[in-house]
Student: 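Provided herewith is a single structure, encoded as C-alpha cells, for subsequent inquiry.
Since we're looking at a predicted model, the values are computed, not measured. Below, chain A is the first sequence line, B the second, and so on; all start at residue 1.
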Protein chains: 2
Amino acid sequence: MQDTLFDFISNYISLTEDEKNALLSLDLFHSVKKGTTLLKEGQKSQDFYFVLKGCIRKYYIIDGEEKTTAFYTEMDALTPHCVLTNTPSEYFISCVEDSILLISNSDVSAEINNKFPKFDIMCRILSEELLAKQQINFDEFKTSSPELRYLNLLQNRPDLIQRVPQHQLASYLGIKPQSLSRLRARILEKKS
Amino acid sequence: MQDTLFDFISNYISLTEDEKNALLSLDLFHSVKKGTTLLKEGQKSQDFYFVLKGCIRKYYIIDGEEKTTAFYTEMDALTPHCVLTNTPSEYFISCVEDSILLISNSDVSAEINNKFPKFDIMCRILSEELLAKQQINFDEFKTSSPELRYLNLLQNRPDLIQRVPQHQLASYLGIKPQSLSRLRARILEKKS
DNA sequence: TGCATTTCTTAACTTAAGTGAACGAATTAT
DNA sequence: ATAATTCGTTCACTTAAGTTAAGAAATGCA
C-alpha cells in the first residue's frame, strides 16, 4: 500500500530507505469505511488527505441538495480550503468507497519539511502543477455542454463512471440525475 | 501607475526604496491598446502579465466560436499555462481596454528572485492564494445556474458588467449572448 | 432471508438555453 | 462624415435540462 505513496513521491524527489522508514514511522495511514464523513460544513480542520486507495468526494449542501464538485482517487491530494484560510469549511468531504488515506496536518508536515527539506521542493512543484491542472479543468468545464463533459469524463476518468453513484456523477457534471440518465440514453441512441 | 504595483506587493512583502527603484529600472511596464492580441493559440511564450490598469481576457476558439474563460483587471496576475508547461498555447489572450501591463518572463523573474529572495516568498504565497481562489471560483461556477452566476457577478465584480462587451460576458457565464439578453430581461421583470 | 431504503430509469410536462433571423444602435474604418 | 461592420436585443422555433411522479433494481439493515 505504501508503494502507492512512494511511487507518487518518486515522481518529484528521491528518498533514501531511511527517509522512507521515517515517513512510515509517523503512522499517517488510515483505513476509512465507505460513507464516513471526514469533514463537515461549518467545521474547522487542519487535516489534509492523500488517497492511497479508494475514492473520496467533496460536496456542498445548497438548498438541501448535495452538489458534488470533486472526486479524489488514487494518487490525488486534497487540502481543504478551510485548512489554508483557517475558517469554517463550506463543504463536506466523505468517503465514496472503503479507502486507505494518508491523513496529515500542518504540524506534522512542518515537522517533515524540517527533517527533509526536499519535501518543500515537492510541495512547491505539486501546488504549481495542481494550479495548472485546475485551470485547464475549469476551462474545459466552462467551454463544454453537460453532454461533452460526460464524454470527456468517459475519456479521461472512465473508472469514475463505474465506481461512483450516478446521482453524485450527475451533480459533478452540473445536472440532475434524471438528465444524466436521459443524456446517456441519447448517446447510446446516436451510436446505433 | 507603479503605485498599483507597490500597493499590491506590500500586501505580501515590504520593499526598500532601493528595491523599488531596481524593479522600476527593469522597464517592465507596457501600454497596450484595446484589441491587441498578447498571445495566440499555437504560440509558445515565456511572458506573464500583471494588470496595472485596464482589462485583459483569456479565450479559446472552439468550432470557430470565441469562448471567454477569464477576465483579468487591476491587480490580477496571469501566468499562461503554456509558460508553465512550455507547450503551444491552447488559448488567446487579448486586451479588452487600453491597458497598462507589467510584462515579465522566466529569465527576468529568475534574475529578480536572485537579487531579492523575498520575491520567492511572495510568489509562493501568491500561488497558494490563487489556487485557493481558483477552487472556490470553480465550485461556485459548478454549483450555480447561468442566472445565479450572473447575479453573483453583479455582486462580486459589478465593474466587469460595465466594461466588458456583452457577448464576451455571455460566454464567460457559459451561455450565448441572446440568452444573456433574455436572462437580464427576466431579472428586471422579477424586480418590478 | 426478508424488509426498508436508496438509487436508477422512464415518462409527461415545464422552463430555460440554443438557433437563426431581423433590426436598430453603437463602434470602427475609410 | 459616411459607409461598413460589429454589437445588443427581440422574436419564433428547437432542443435540452429541471420538475414531479412512478416503478424497477440494487443496496443496506435487522
Student: With the sugar-phosphate defined as primed atoms, P, OP1 and OP2, and the base as all remaining atoms, what B/S/- string results for nucleotides 11-30 of chain D, 5' to 3', for protein heavy atoms under 4.0 Å?
Tutor: -----SBBBB-------S--
Student: Would you kindly give the CG-to-C1' distance between D63(B) and dT19(C), to the nearest whole Å?
Tutor: 15 Å
Student: Quickly work out the L180(B) CG to dG18(C) P distance and round it to whole Å.
Tutor: 11 Å
Student: Looking at five pairs on each end of the helix from dT1(C)-dA30(D) to dT30(C)-dA1(D), what is the angle between the two axes, given to 10 degrees?
Tutor: 60°
Student: For the pair made of CG in L169(A) and C1' in dT9(C), what is the distance, rounded to whole Å?
Tutor: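 Taking atom C1' of dT9(C) as the reference, CG of L169(A) is at 15 Å.
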Student: Side chain to side chain contact (heavy atoms under 4.5 Å, CB included) with T69(A): which residues, sequence neighbours excluded?
Tutor: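 By the side chain to side chain contact (heavy atoms under 4.5 Å, CB included) rule, T69(A) matches K58(A), Y60(A), D139(B), K142(B), T143(B).
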Student: Calculate, to the nearest 0.5 Å, the distance between atoms CG and CZ belonging to L180(A) and R149(A) respectively.
Tutor: 12.0 Å
Student: Please state whether the rings of F138(A) and F138(B) are parallel, tilted or perpendicular, taking 30° and 60° as the class boundaries.
Tutor: parallel
Student: Check step by step if side chain to side chain contact (heavy atoms under 4.5 Å, CB included) holds for Y172(B) and Y59(B).
Tutor: CA-CA 9 Å; Y172(B) 179 67; Y59(B) 63 98; over 6 Å; no
Student: Measuring centre to centre across the rings, with the benzene-like ring taken for any Trp, is F50(A) within less than 6.0 Å of Y72(A)?
Tutor: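 When the ring centroids of F50(A) and Y72(A) are compared, they turn out to be at least 6.0 Å apart.
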Student: Using whole Å, what does the distance between atom C1' of nucleotide dC7(D) and atom CD of E66(B) come to?
Tutor: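 Going from CD in E66(B) over to C1' in dC7(D) covers 13 Å.
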Student: Nearest-Å distance, NE2 (H167(B)) to P (dT27(C))?
Tutor: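 Those two atoms, NE2 and P, are 13 Å apart.
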Student: Kindly compute the distance separating OG1 (T85(B)) from CD (E128(A)), expressed to the nearest 0.5 Å.
Tutor: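 It is 10.5 Å, given to the nearest 0.5 Å.
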Student: Can any side-chain N or O of S99(B) pair as donor or acceptor with the backbone N or O of E97(B) at less than 3.5 Å?
Tutor: yes
Student: Please check if any side-chain donor atom of Q43(B) sits under 3.5 Å from a side-chain acceptor atom of S89(B), or the reverse.
Tutor: no
